[in-house]
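We count ligands from 1, going down the list as the structure has it; atoms in each ligand are counted the same way.
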Amino acid sequence: MIVKVMESVLAANESAALRVRGRLAGSGTFMVNLIGSPGAGKTSLLERCVPVLSRQLRLGIIEGDVETIRDAERLSGLGVPIVAVSTKGMCHLDSATIDEALNGLPADLDLVFIENVGNLVCPAEFDLGEAEKTAVVSVTEGHDKPEKYPLLFRLASVVVLNKADLAPYTDFDGAAFRASLSRLNPRSELFEVSCRAGSGLDPWISRILSQAAAFREGRRTKT
Ligand SMILES: Nc1nc2c(ncn2[C@@H]2O[C@H](COP(=O)(O)OP(=O)(O)O)[C@@H](O)[C@H]2O)c(=O)[nH]1
Ligand SMILES: [Mg+2]
C-alpha cells in the first residue's frame with residue numbers, strides 16, 4: 001500500500017517534470033539542480049559564481065528551504081531574480097513547485113539554479129525537469145558519501161567537492177572518493193573547489209557557460 005502511494009506521488013511528479021522540461025526547452029533555459037547536505041556549501045557556491053556568470057548570462061535562482069528564506073536573503077544582493085520556496089517541513093522540492101516558481105522568474109533566462117533542500121536522499125528521487133543534477137559535497141562530510149548515498153551520485157552529471165582548504169585537517173581520502181564516483185557514474189565530472197579560498201571554481205564556471213550556450217542552441221548532446 002505504501003509502495004502504491006509512493007508510486008503515485010512519483011508519477012505525478014514525473015508529469016509535472018515533463019511540463020517543466022518542455023517549458024525550459026522552449027525558452028532555451030539551462031536549469032541546474034544543486035543537491036547536497038546542509039552545510040556542504042551550495043549557497044556559498046552561488047555567492048561565489050553568480051556574480052561571474054551573470055556578467056554573461058541572464059540568470060535566475062530558485063531557493064528551496066525547509067523553514068526560512070535565509071539563503072534567498074543571503075543571495076539577494078547579487079542582482080539576479082530569486083524565488084524563495086519554503087517547503088514547510090518537506091525534505092525536497094517537487095516539479096509542480098518548480099513549475100510554479102518559474103512563473104516568478106523572467107521567461108527568457110539562459111540559466112536557472114535550483115538550490116534544493118539540504119538532503120542527500122529525497123532530492124535525488126524527485127526529477128524537477130532540470131537539465132542536470134549537480135551534487136555538492138564537502139571534504140568534511142567524509143569520502144564515503146557516494147557509497148552511502150549512491151542514487152544522487154549515479155544521477156549527478158557533475159560533482160562539486162567543496163572545502164578543499166580543510167582537507168589537510170580531515171582524513172578525507174580523495175582517491176577512495178574518486179574511485180567510488182567512477183564506479184557509480186563513470187561519466188560524472190568532478191570539480192574540486194574551495195568556496196572559502198575562491199579556488200578551483202573557474203573550470204566549473206566555464207563548463208556552465210558552455211553547457212548553457214549549447215542548450216540554448218539546442219545542440220546539447222544528451223549525457
Ligand atoms: N572552510 C570552508 N568553509 C566553507 C566553504 N564553503 C562554505 N563554507 C562554510 O560552510 C558553511 C555552510 O555553507 P553554506 O553555503 O551555507 O552551505 P549550504 O547549506 O550547502 O548552502 C558556512 O559557514 C560557509 O561559510 C569552503 O570552501 N571552505
Ligand atoms: Mg544553503
Side-chain angles (χ1 to χ4, degrees), residues 31-54 59-78 80-94 97-98 101 105 111-124 126 128 130 132-146 148-149 151-153 155-156 158-174 177-178 189-205 207-208:
M31 188 163 79
V32 177
N33 183 4
L34 299 176
I35 301 175
S37 306
K42 299 176 296 299
T43 313
S44 301
L45 188 64
L46 293 174
E47 283 173 324
R48 276 280 181 190
C49 298
V50 165
V52 182
L53 288 165
S54 63
L59 201 160
I61 299 171
I62 298 172
E63 261 300 331
D65 237 324
V66 177
E67 284 291 342
T68 70
I69 56 163
R70 284 185 189 201
D71 285 355
E73 286 165 355
R74 267 172 72 183
L75 300 174
S76 63
L78 298 180
V80 302
I82 302 175
V83 172
V85 177
S86 177
T87 64
K88 295 291 170 212
M90 229 170 45
C91 58
H92 61 272
L93 292 167
D94 63 26
T97 305
I98 295 301
L105 293 173
L111 174 65
V112 170
F113 281 119
I114 299 170
E115 178 174 344
N116 216 313
V117 176
N119 185 328
L120 290 173
V121 184
C122 310
F126 282 77
L128 301 184
E130 72 280 313
E132 55 185 35
K133 290 178 172 57
T134 293
V136 182
V137 286
S138 54
V139 298
T140 49
E141 292 165 56
H143 50 262
D144 58 353
K145 293 304 164 288
K148 292 185 74 176
Y149 303 96
L151 181 64
L152 171 61
F153 294 91
L155 297 178
V158 173
V159 176
V160 174
L161 176 61
N162 187 31
K163 306 194 187 180
D165 55 296
L166 296 180
Y169 311 104
T170 72
D171 60 357
F172 187 85
D173 182 340
F177 182 84
R178 283 187 289 275
E189 295 179 51
L190 175 64
F191 295 86
E192 301 186 29
V193 311
S194 167
C195 291
R196 173 65 51 82
S199 61
L201 295 163
D202 288 351
W204 185 70
I205 290 171
R207 184 187 176 283
I208 297 264

Student: Report the distance from atom SG of Cys122 to atom CG of Asp94, rounding to the nearest 0.5 Å.
Tutor: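 Rounded to the nearest 0.5 Å, the SG-CG separation comes out at 12.0 Å.
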
Student: For Phe126 versus Leu93, what's the shortest heavy-atom pair and its separation?
Tutor: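 Smallest interatomic distance, heavy atoms only, reads CB-O, 3.7 Å.
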
Student: Name the orientation class of the two ring planes belonging to His143 and Phe172 (parallel below 30°, tilted from 30 to 60°, perpendicular beyond 60°).
Tutor: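 Because their plane-to-plane angle is over 60°, the rings of His143 and Phe172 count as perpendicular.
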
Student: Closer than 2.8 Å to the Mg ion (ligand 2), what protein N/O/S atoms do you find?
Tutor: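 Atoms qualifying: Thr43 OG1, Asp71 OD2, Glu115 OE2.
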
Student: Quick one: pull up CG in Leu59 and CD1 in Ile208 and give me the separation to the nearest 0.5 Å.
Tutor: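 Output value for this atom pair is 9.0 Å.
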
Student: Do Asn162 and Ser138 get their side chains close enough for a donor-acceptor pair, meaning under 3.5 Å?
Tutor: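 No.
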
Student: At less than 4.0 angstrom from any atom of ligand 1, which residues have a non-hydrogen atom? List them by chain and residue number.
Tutor: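 Residues near ligand 1: Ser37, Pro38, Gly39, Ala40, Gly41, Lys42, Thr43, Ser44, Arg74, Glu115, Asn162, Lys163, Asp165, Leu166, Ser194, Cys195, Arg196.
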
Student: What distance do Asn116 atom CG and Lys133 atom NZ have between them, rounded to the nearest 0.5 Å?
Tutor: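 Between Asn116 CG and Lys133 NZ, I get 9.0 Å after rounding to 0.5 Å.
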
Student: Excluding sequence neighbours, so at least two apart, what forms ring pair (Phe, Tyr, Trp, His ring centres under 6.0 Å) with Tyr149?
Tutor: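 Counting only residues at least two positions away or on another chain, Tyr149 forms no ring pair (Phe, Tyr, Trp, His ring centres under 6.0 Å).
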
Student: Throw together a table of side-chain donor-acceptor distances under 3.5 angstrom for residues 61-71, partners on residues two or more places apart or in other chains.
Tutor:
{"unit_1": "Thr68", "atom_1": "OG1", "unit_2": "Arg70", "atom_2": "N", "d": "3.3"}
{"unit_1": "Asp71", "atom_1": "OD2", "unit_2": "Thr43", "atom_2": "OG1", "d": "2.9"}

Student: Quick one: CG on Asn33 to CZ on Phe113, what's the gap to the nearest 0.5 Å?
Tutor: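 Reported value, rounded in 0.5 Å steps: 11.5 Å.
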
